[in-house]
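What follows is one structure encoded as structure tokens, with my remarks underneath.
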Number of protein chains: 2
Amino acid sequence: MKKEEAKRIFRQYIKKQGLRNTRQREEILDVFLSSGGHITVDELFDKVKKRDSSIGYATIHRNLNLLLEAGLAEEIKIGKEKTRYEQMHMREHHDHLICLECGRFIEVVDENIEKLQNRLAEEKEFTPVRHKLEIYGYCKKCR
Amino acid sequence: MKKEEAKRIFRQYIKKQGLRNTRQREEILDVFLSSGGHITVDELFDKVKKRDSSIGYATIHRNLNLLLEAGLAEEIKIGKEKTRYEQMHMREHHDHLICLECGRFIEVVDENIEKLQNRLAEEKEFTPVRHKLEIYGYCKKCR
DNA sequence: GGTGTGTTGAAATTAATTATCAATATCTTA
DNA sequence: TAAGATATTGATAATTAATTTCAACACACC
Ligand SMILES: [Mn+2]
Ligand SMILES: [Mn+2]
Ligand SMILES: [Zn+2]
Ligand SMILES: [Zn+2]
């Protein structure tokens, strides 16, 4: 299962940094990886709280930052909306079509676009590491 | 000149909303349009202050929000860095290569990528309005 | 099990943005 | 062009999101 793979990566990162594993850390990790992506801090906090009602808000933040550092999560900031956190290792890379009306995220991949991006970077003597493509507009239901 | 065109759009927007033009508003508009893009609130504040030292910080924020609403500016949020504001009407559309080491923005356009994006949206029955493509990596100097 | 030190929850702090408010400026109209 | 209605401003307070602080606690290595 992919989730176990992601967990291993995180535990490895924790150990490598001389940090420690805790009950709370494991809960947050598991809830995050089960969340399906695009989750806000508050949503994650609420979900973790259902399993461990004594969890602190700061602990959610601290561990989300670790997930970012470990490369398991990525921030998504859209306009004035709350920051969302996308899972990076559980799922294949993908880009987003984002509906300006209902806020829906449609996940897409286009291999040709990916290739052209690399070529474009190459032309500018730029070494690409990752990218973010977001197309805003109106989804099937809202257009 | 393109700057006058952008100014006209802004003044039109202001009037349409039943708002009023002011000395401060015109200063902020002019400084923003002369800034070259990717400016932070603080940088804009400092630049405007040089022309009008009595300007308030809140006024910068209020008018930046109007520029956003009018479609003349767009927010760029990269990781934990301060929000930057990109000019939208003074300049042609472009995407960004962003150096993870020195923070440099390289501006690029690839017509083929743009076309493929539209095709991709079409396939999902999605009507694209605008998009944001950011490629993170290392620039010529830093790689 | 003991010990050193990383982690936690609660509360305080910081940083960014927005709201409040009284004084002032702008725009429309007469 | 003077008047009046109301939008705007600057200063400051309030709000929000994220981080820091700190004493109690818990994990990891022995
Ligand atoms: Mn996604
Ligand atoms: Mn740019
Ligand atoms: Zn929609
Ligand atoms: Zn660089």
Side-chain angles (χ1 to χ4, degrees), chain A residues 7 10-32 38-70 73-85, chain B residues 7 10-32 38-70 73-85:
Chain A
K7 287 188 178 182
F10 186 63
R11 290 175 188 137
Q12 221 162 46
Y13 177 81
I14 291 296
K15 177 156 280 185
K16 187 157 54 73
Q17 302 294 313
L19 306 179
R20 291 173 185 174
N21 227 1
T22 64
R23 182 173 49 78
Q24 293 90 333
R25 191 157 280 172
E26 282 287 324
E27 288 292 7
I28 291 167
L29 174 62
D30 188 69
V31 171
F32 177 70
H38 318 145
I39 197 170
T40 64
V41 178
D42 289 340
E43 288 165 0
L44 184 58
F45 180 54
D46 289 343
K47 287 193 177 189
V48 175
K49 217 170 185 178
K50 281 181 185 159
R51 296 200 199 173
D52 175 358
S53 61
S54 72
I55 194 90
Y57 196 73
T59 300
I60 301 289
H61 263 288
R62 284 189 280 243
N63 283 288
L64 261 178
N65 281 333
L66 284 176
L67 286 164
L68 288 173
E69 286 172 28
E74 193 170 273
E75 291 181 336
I76 305 180
K77 298 174 182 176
I78 310 288
K80 307 272 178 204
E81 288 173 39
K82 288 196 175 180
T83 300
R84 292 184 172 275
Y85 293 83
Chain B
K7 287 188 178 182
F10 186 62
R11 291 176 188 137
Q12 220 162 46
Y13 177 81
I14 291 296
K15 176 156 280 185
K16 187 156 55 71
Q17 301 295 313
L19 307 179
R20 292 170 185 179
N21 227 1
T22 63
R23 183 173 47 80
Q24 294 90 333
R25 191 158 278 170
E26 282 287 324
E27 287 293 8
I28 292 168
L29 174 61
D30 188 69
V31 171
F32 176 70
H38 317 145
I39 198 170
T40 64
V41 178
D42 289 338
E43 288 165 359
L44 184 58
F45 179 54
D46 289 343
K47 287 192 176 191
V48 175
K49 216 170 184 177
K50 280 180 185 159
R51 296 201 200 175
D52 175 358
S53 61
S54 71
I55 194 92
Y57 196 72
T59 300
I60 301 289
H61 264 287
R62 283 187 281 241
N63 283 287
L64 261 178
N65 282 334
L66 284 178
L67 287 164
L68 288 173
E69 287 172 29
E74 193 170 273
E75 291 181 336
I76 306 180
K77 298 175 182 175
I78 309 289
K80 308 275 179 201
E81 287 172 40
K82 289 194 175 181
T83 300
R84 291 184 172 276
Y85 294 82

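Numbered from 1 within each chain, the chains take letters A, B, ... in sequence-line order. The structure displayed is predicted, hence computed values, not measured ones. All heavy atoms count here, side chains included; hydrogens, waters and symmetry mates do not.
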Using heavy atoms to find the nearest nucleotide of DNA chain D for B/Gly18 and B/Thr59 separately, return the residue whose nucleotide is more 5′. B/Gly18
Going by side-chain contact (heavy atoms from CB on, under 4.5 Å), B/Gln24 matches just one of B/Asp52, B/Ile60, B/Val48. Which one? B/Asp52
Mark yes when over 12 heavy atoms from residues, nucleotides or ligands other than A/Lys7 sit less than 6.0 Å from its NZ; otherwise mark no. yes
Go ahead and write out DNA chain C as dot-bracket, 5' to 3': ( ) for pairs within the strand, [ ] for ones crossing earlier pairs, | when the partner sits on another strand, dots for unpaired; Watson-Crick or G-U wobble, both distances under 3.5 Å. ||||||||||||||||||||||||||||||
Would you call B/Asp30 and B/Arg51 a side-chain contact if the rule is heavy atoms closer than 4.5 Å? yes
Could you check whether any side-chain N or O of B/Asn63 sits under 3.5 Å from a backbone N or O of B/Thr59, counting only pairs where one atom can act as donor and the other as acceptor? yes
Find the distance between CZ (A/Arg23) and CD (A/Glu27) and round it off to the nearest 0.5 Å. 7.5 Å
Kindly determine whether B/Lys80 and A/Asn65 satisfy side-chain contact (heavy atoms from CB on, under 4.5 Å), including the steps that lead there. CA-CA 11 Å; B/Lys80 308 275 179 201; A/Asn65 281 333; 3.0 Å; yes
Counting only heavy atoms not in A/Lys49, do more than 12 fall under 6.0 Å of its NZ? no
Under the salt bridge (Lys or Arg N to Asp or Glu O under 4.0 Å) rule, what do A/Lys82 and A/Glu43 come out as? Steps first, then yes or no, please. CA-CA 11 Å; A/Lys82 288 196 175 180; A/Glu43 288 165 0; over 6 Å; no
Contact string for nucleotides 19-24 of chain D, one letter per nucleotide 5' to 3', B = base within protein heavy-atom range under 4.0 Å, S = sugar-phosphate only, - = neither, reads BBB---
Given the rule in the side chain to side chain donor-acceptor pair (under 3.5 Å) test, do B/Asp42 and B/Thr40 qualify, once you have shown the distances and angles that lead to the verdict? CA-CA 5 Å; B/Asp42 289 338; B/Thr40 64; 5.4 Å; no
Any A/Glu75 side-chain heavy atom under 4.5 Å of A/Tyr85 side chain: yes
Just jot down the ring pair (Phe, Tyr, Trp, His ring centres under 6.0 Å) partners of B/Tyr57, sequence neighbours excluded, or say none. B/Phe45, B/His61
Quick one: B/Ile55 CD1 to D/dT8 P, roughly how many Å, whole number? 13 Å
Closest-nucleotide mapping onto DNA chain C: is A/Gly56 or B/Thr83 further toward the 5' terminus? I mean the 5' end. A/Gly56
For D/dT8, does OP1 or OP2 lie under 4.0 Å from any side-chain N or O of B/Asn63? no
Using side-chain heavy atoms (C-beta onward) and a distance below 4.5 Å, is B/Leu44 in contact with B/Val41? no
Within residues 23-31 of chain B, residues whose heavy atoms come under 4.0 Å of DNA chain D: B/Gln24, B/Arg25
Outermost nucleotides of DNA chain C that come under 4.0 Å of a non-hydrogen atom of chain A: C/dG4 to C/dT18
N/O-N/O pairs, protein side and nucleotides 28-30 of chain D side, under 3.5 Å:
{"unit_1": "D/dA28", "atom_1": "OP1", "unit_2": "A/Asn21", "atom_2": "N", "d": "3.2"}

Got B/Ile76 and B/His38 here, is their nearest side-chain heavy-atom distance under 4.5 Å? yes
Less than 4.5 Å apart, any side-chain heavy atom of B/Leu66 and any of B/Leu19? yes
Before giving the answer on side-chain contact (heavy atoms from CB on, under 4.5 Å), spell out for A/Arg62 and A/Arg25 the whole-Å C-alpha distance, their side-chain angles and the decisive distance to 0.1 Å. CA-CA 9 Å; A/Arg62 284 189 280 243; A/Arg25 191 157 280 172; 5.9 Å; no
